[in-house]
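Sequence positions, counted from 1, serve as the residue numbers for this chain.
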Amino acid sequence: MIDFVGKRKVFILLSLLLVITGLIFVFTKGFNLGVDFAGGTEFVISSDKEISINEIRDILSSIKSEYATAKIAKLKNLNVENSELFQYSVVLKESLSGSTALKEELIKSMKSKFSEKGIKIDFLEFNDVSGYAAEEIKSYAWYAVIISLVLLLAYITLRFKFSFGVGAIIALAHDIIITMGFYSLFGIEINVAAIAAFLTLAGYSLNDTIVVYDKIRENMKKLRGKKSIEEIVNTSINEVIVRSINTSLTTFLVVLPILIWGGRAIAPFAFGLAVGVVVGTYSSLYIASPIVIGWIKKAKTF
């Protein structure tokens with residue numbers, strides 16, 4: 001039997017270091033906010049010849065100097081019928097949603113300047129988000145996360161005990177903060193898809209935690225008076241560890257290929273799940289359960 005509980009102080013210290021490091025990255029480096037949250041204009045172009053990022057930037061700068069700061073990335077072409085075309089994503093800080101004339105002028109100018117170079121381009125999609133709309137989306141997205149955490153706390157409190165609910169919420173906050181730190185560290189775009197990943201992570205991590213908690217509650221009834229709360233929790237974790245690892249491993253093996261080959265659009269979602277599956281499994285075993293031990297011993301309810 002593996003002694004998970006005996007080393008809980010070491011793992012709690014490790015988690016504190018990870019959380020602090022994550023917060024440092026979040027508050028110093030910040031996030032790479034997508035158009036959904038930062039506002040601006042995002043469009044995708046296709047061309048019949050390969051173009052360098054610098055060529056696209058030079059043409060944008062010649063149209064308007066402010067466009068020199070655009071974020072440009074080459075995309076994978078998933079269109080089988082036109083597999084010889086090259087695709088590029090361009091994100092401008094300026095939103096063109098309020099001016100149809102500016103939008104039409106940008107499209108006309110880019111086509112004209114690329115045509116002079118013997119390159120034909122087409123605009124595949126155009127997405128405009130104003131600053132006000134971006135702030136509104138950002139606010140509602142974080143409200144969704146906070147409300148979800150409150151509802152989860154209420155559910156676990158009713159399903160188990162308040163101490164279990166506190167342990168689960170602390171573990172979820174631990175998972176989200178560390179995952180946010182990874183987003184900041186690697187510069188992964190934070191958009192609506194990333195928020196969906198956070199909410200999915202919360203549900204996944206909670207599911208893993210509930211499996212452990214259910215086994216702890218079952219063993220507390222069977223072994224009350226025979227073993228200490230530390231021994232009961234350790235026994236419970238050992239009884240579900242294989243199931244937790246198998247579930248997490250199969251999920252991770254599905255998410256990883258999506259992250260690697262899924263393309264830019266789904267990368268923020270896949271990245272959050274890939275990191276979250278690992279962190280969530282760890283927290284269910286080493287964070288949520290030790291918190292319950294400390295709370296029960298302090299309250300003297302066992």
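We find the CD1-CG distance between Ile245 and Leu285 to be 7.5 Å, quoted to the nearest 0.5 Å. One finds the OG atom of Ser15 at 3.0 Å from the CD1 atom of Ile287 (value rounded to the nearest 0.5 Å). The CD atom of Glu55 lies 13.5 Å from the NZ atom of Lys113; values are rounded to the nearest 0.5 Å. Expressed to the nearest 0.5 Å, how far CD1 of Ile59 lies from OG of Ser112 amounts to 9.5 Å. In this structure, Glu230 CD and Asp3 CG are separated by 10.5 Å, a value rounded to the nearest 0.5 Å. How far CD1 of Ile237 is from CZ of Arg8: 10.0 Å, rounded to the nearest 0.5 Å.
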(request) For Asn32 and Lys71, run side-chain hydrogen bond (donor to acceptor under 3.5 Å, both in side chains): C-alpha distance rounded to whole Å, both residues' side-chain angles, the deciding distance at 0.1 Å, then the answer. (result) CA-CA 11 Å; Asn32 174 22; Lys71 291 192 292 185; 2.8 Å; yes

(request) With side chain to side chain contact (heavy atoms under 4.5 Å, CB included) as the test, would you mind laying out the steps for Glu42 and Ser89 before giving the verdict? (result) CA-CA 7 Å; Glu42 180 178 21; Ser89 167; 3.6 Å; yes

(message) Could you walk me through whether Tyr67 and Ser62 satisfy the side-chain hydrogen bond (donor to acceptor under 3.5 Å, both in side chains) test, starting with their C-alpha distance in whole Å, then the side-chain angles of each, then the deciding distance to 0.1 Å, before giving a yes or no?
(response) CA-CA 9 Å; Tyr67 294 165; Ser62 67; over 6 Å; no

(request) Take Tyr88 and Ile56, measure what side chain to side chain contact (heavy atoms under 4.5 Å, CB included) needs, and give me the verdict at the end. (result) CA-CA 9 Å; Tyr88 302 87; Ile56 299 175; 3.7 Å; yes

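With hydrogens and angles left out, the side-chain atoms of Tyr204 and Ser248 include a donor and acceptor closer than 3.5 Å. Side-chain contact, Asn219 with Thr235: no donor N or O sits under 3.5 Å from an acceptor N or O. A donor-acceptor contact closer than 3.5 angstrom is absent between the side chains of Ser236 and Tyr213.
With respect to the salt-bridge test (charged N to carboxylate O, under 4.0 angstrom), the residues Lys215 and Glu218 qualify. Glu94 and Lys64 are joined by a salt bridge, as a carboxylate oxygen and a charged side-chain nitrogen come within less than 4.0 angstrom of each other.
Side chain of Ser184 to main chain of Phe25: a donor-acceptor pair is present (N/O by atom type, distance under 3.5 Å, no hydrogens or angles). Judged purely by atom type and a 3.5 angstrom limit, Thr247 uses its side chain to pair as donor or acceptor with the backbone of Arg243. No side-chain donor-acceptor contact under 3.5 Å links Asp208 to the backbone of Ser284.
By the 4.5 Å heavy-atom criterion applied to side chains, His174 and Val19 are counted as neighbours. Residues Phe198 and Ile195 meet the side-chain proximity criterion, which asks for heavy atoms closer than 4.5 Å. Counting heavy atoms from C-beta on, the side chains of Asp122 and Lys120 come closer than 4.5 Å. Using a 4.5 Å heavy-atom cutoff, the side chains of Ile216 and Ser289 are in contact.
Between Phe31 and Tyr183, the distance separating the two ring centers is not shorter than 6.0 angstrom.
By the 6.0 Å contact criterion, NZ on Lys29 is enclosed, its count of non-hydrogen atoms from other residues, nucleotides or ligands being greater than 12. With a 6.0 Å radius and a threshold of 12 heavy atoms from other residues, nucleotides or ligands, Phe11 has its CZ atom above the threshold.
Considering Leu106, Asn127, Val91, Leu124 as possible partners of Phe43, the one that fulfils the side-chain contact (heavy atoms from CB on, under 4.5 Å) test is Leu106.
In terms of heavy atoms, Gly272 sits closest to Thr179 at O-CG2, 4.1 Å.
Relative orientation of the Phe186 and Phe182 rings is parallel, given thresholds of 30° and 60° on the angle between their planes.
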